[in-house]
Amino acid sequence: MVIQWLIMKRSWIECYQIDMVDMMSTTVTISKLNEHVGETVTLAGWLYNSRIGSKVAFLIVRDGTGLCQGVVTKEEVEPEVFADAVHLTQESSVRVTGLVHADERAVGGYELHVTGLEPVHSAVEYPITLKAHGHDFLFKHRHLWLRSRRPTAIMKIRHTVIDAVRRFFNDNGFVLVDTPIFAPSAGEGAQTLFSVDYFGEPMYLAQTGQLYLESAAMAYGKVYCFGPTFRAEKSKTRRHLTEFWMVEPEIAYADLDDVMAVAEDFVYTIAQRVLAEHRADLEFLGQDVAVLERIRKPFYRLTYSQAVDILHGPQARELLEKDLAEKNARIEELKQSIPAKEQERDRPGVKKYRQEQLAAEVITEREELADLQEQVKNIPTHMELAAGFEWGKDLGGSDETIISRLHDRPVFVTHYPRGCKAFYMKQDPHDSRLVKNFDLLAPDGYGEIIGGSQREDDLDVLLERMAEEGLATEPYEWYLDLRRYGSVPHGGFGLGIERTVAWLCGLRHIRETIAYPRLMGKVYP
RNA sequence: UCCCCGAUAGCUCAAUUGGUAGAGCGAGCGGCUGUUAACCGCUAGGUUGCAGGUUCGAGUCCUGCUCGGGGAGCCA
């Protein structure tokens, strides 16, 4: 009883304190500080960093909308306030009250001349410091790392990308139809699906909603689905996740060109939104905004056969040779500069801060060196793969990289051989070896961000194609019905959200584009 | 599934041909400053991923394993 009473009393006191603060000033977000210059306001956030002096304490506070520097001047505040400021640890939660000033010296352009501090919770030894960390450590602390500036910038861009995706389809007459995640049949390539026990029956996690979406397109004309998708591929590369988000539109009465026109407009629109709303975030991430500004309609269009010719031709070879030469030159440069910097670092009499600066540069350059050496090692393989590419195979990752790097805008590659593509794609009436499909390759080696096609709408051709693939028709009877009751030309595509975000942000690895990446052998946290 | 690379203090990294494991950050204390990953001084901090082997002596060489990174295949 007594304890309960104490808890009640304590929480009452805390409420009372909050009320006191509220009475004195309104709580605002850092993003809205520009509307409150000259007013006393309260920020509710966490301590990002502090620089403590004998007369002035600088508190960098973050609240999820931005960073703001609070200035605590010893002479101007109550002694307890200054003492609280000195003892606040990194990532402690805190309410800060003060007068808003515009100040170019401060991060974000505004700062708070602090009059009151209300520590809410004191954090103990926050593991993520403002110094360098390795990605392994950071991903083990992903639940905390999300608070840092880099993940914040990426998550906000991802948010905008997803909003742009939904708005594009909603504004253009598409109906959202959610497709099931439990999929009864393995469909294409059972080995790449995760299986689950469904009340004793084998089931799979969906890797596409497309077949279901085709039925919805026959019902509502233009439809889309957006959700997680799962691939059990044992791929450990910077382009792969086992769980990722995909948006898939499907359009009735549309041929390949119609679908591609939508895809082109769609990607262009997304890029424009990101460019319009996230210049600062992109710059913080070190992304060259010009990369996005170059995204203009029309995108390049190549057929698969033209792409193969490029791989066999002098262009691809020259690109890789030039690449190899440039990377080797940079490697030589680094091999000189690293020991030079180490020497300077270890020379007696060098200031400590300079030592640290040099040590940091050495680490960065060593990483760059290792990365380049690895890339250089792979280039001959990529050259061989390109030169020896056989017509009929699917384009590999390195082949796509070559094609995309030879273009400064996204590239459509169309009309692949039907043997390397799924059974539902429409045969090209002009060349039965080909299907009416397309992949959209993002520039700079970010790979295929879209795969799409016109679908086979002729029942007999579809049945023939399924037999060729050794697929039983029984589980697909409902799908075949769509070709029995008012079949029309139709098609659609799927866009991978994470690859798109990685490309727009210029990220080296896709795992940074999702809050909790799921990779082969990595599921914590 | 195959190929290459890696694992040293809480974190980021050093450690010459095999010869007494170090620095910075972070933590604690003190100083100083409209500071910008602030700075300066002091203190504490280690079974070098695990198991074997070679050697007078192994962080360093060899074998196996575990975990991680990159690439091929496959894919968004």
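Each chain gets a letter, A, B and so on, in the order the sequences are listed, and its residues count up from 1. Both backbone and side-chain heavy atoms feed into the values below; hydrogens, waters and symmetry mates do not.
B:U1 is paired with B:A72 under the Watson-Crick or G-U wobble criterion, all donor-acceptor distances under 3.5 Å. Pairing for B:U48 is absent, with no Watson-Crick or G-U wobble pair whose two atom distances lie under 3.5 Å. Pair check for B:A7 finds B:U66; Watson-Crick or G-U wobble, both atom distances under 3.5 Å. Summarising the base pairing, B:U16 is matched to no nucleotide, lacking a Watson-Crick or G-U wobble pair whose two defining distances lie under 3.5 Å. Searching all strands for a Watson-Crick or G-U wobble partner of B:G41 with both distances below 3.5 Å returns B:C29.
Across B:A44 and B:G10, the matching C1' atoms stand 13 Å from one another, rounded to whole Å. Remark: the separation of the P atoms in B:A58 and B:A21 is 11 Å, to the nearest Å. B:G68 and B:G19 have their P atoms separated by 32 Å, given to the nearest Å. Across the P atoms, B:C29 and B:A15 are found 34 Å apart, a figure rounded to whole Å. The same atom, C1', is picked in B:U20 and in B:C65; the two are 31 Å apart, to the nearest Å. Nucleotides B:C40 and B:G26, compared at atom P, are 11 Å apart to the nearest Å. Using P as the reference atom, B:U55 and B:U60 are 16 Å apart when rounded to the nearest Å. Between the C1' atoms of B:G73 and B:C3, the separation comes to 12 Å (whole Å).
Relative orientation of the A:Y416 and A:Y304 rings is tilted, given thresholds of 30° and 60° on the angle between their planes. Ring geometry, A:F174 versus A:F168: the interplanar angle falls from 30° to 60°, so the pair is classed tilted. Below 30°, between 30° and 60°, or above 60°: for A:F493 and A:F169 the angle between ring planes is between 30° and 60°, a tilted geometry.
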Test log, rule side-chain contact (heavy atoms from CB on, under 4.5 Å), inputs A:Y424 and A:S453: CA-CA 9 Å; A:Y424 51 72; A:S453 69; 4.3 Å; yes
Should A:R273 and A:R167 be marked as a side-chain contact (heavy atoms from CB on, under 4.5 Å) after you check the CA-CA gap, both sets of side-chain angles, and the distance that decides it? CA-CA 11 Å; A:R273 268 288 296 282; A:R167 195 171 295 178; 3.7 Å; yes
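The distance between atom CG of A:L385 and atom C1' of B:G71, rounded to the nearest whole Å, is 11 Å. At whole-Å resolution of the value, NZ in A:K140 and P in B:C11 are 9 Å apart. If you measure from atom CD of A:E512 to atom P of B:G69, you get 13 Å, rounded to the nearest angstrom. The CG atom of A:L88 sits 17 Å away from the C1' atom of B:G26 (whole-angstrom rounding). Residue A:F137 contributes atom CZ, which lies 13 Å from atom C1' of B:A9 at whole-angstrom precision. For the pair A:F226 CZ and B:A76 P, the computed distance is 16 Å after rounding to whole Å. Here B:G69 presents its C1' atom at 9 Å from CZ of A:R508, a figure rounded to the nearest Å. Summarising the geometry, the separation between CZ on A:R105 and P on B:G34 is reported as 10 Å, rounded to the nearest angstrom.
The side chain of A:I510 has B:A76 as its nearest neighbour among B:A38, B:A76, B:U1. In the set B:G34, B:A76, B:G71, the nucleotide with an atom closest to the side chain of A:H382 is B:G71. Listed nucleotides B:G70, B:C11, B:A76 differ in distance to A:N378; the shortest reach to its side chain belongs to B:G70. Distance from the side chain of A:K234 is smallest to B:G73 among B:G73, B:G34, B:G70. In this structure, of B:A38, B:G73, B:G71, it is B:A38 that holds the atom nearest to the side chain of A:R51. Side-chain proximity of A:S54 to B:G70, B:A38, B:C32: nearest is B:C32. With distances taken from any side-chain atom of A:H240 to the nucleotides B:A38, B:A76, B:U1, the minimum falls on B:A76.
Residue A:R238 is classed as a sugar-phosphate contact, given heavy-atom separations below 4.0 Å to backbone atoms only.
One can find a donor-acceptor pair under 3.5 Å joining the base of B:U35 and the side-chain atoms of A:Q69. The base of B:C75 lies close enough to the side chain of A:R499 for a donor and an acceptor atom to sit less than 3.5 Å apart.
You cannot call A:F58 stacked on the base of B:G34; the centres under 5.5 Å and planes under 30° rule is not satisfied.
Using a 4.0 Å cut-off, no side-chain N or O of A:R511 falls inside it from OP1 or OP2 of B:G68.
No side-chain donor-acceptor contact under 3.5 Å links A:T303 to the backbone of A:T414.
Side chains of A:K436 and A:Q454: a donor on one and an acceptor on the other come within 3.5 Å.
Counting heavy atoms of neighbouring residues, nucleotides and ligands inside a 6.0 Å radius, atom CD of A:E321 exceeds 12 of them.
Remark on RNA chain B: of its neighbouring residues A:E111 and A:L138, the 5'-side contact belongs to A:L138, judged by nearest-heavy-atom nucleotide. Comparing A:F244 and A:H135, the nucleotide of RNA chain B nearest to each residue sits closer to the 5' end for A:H135.
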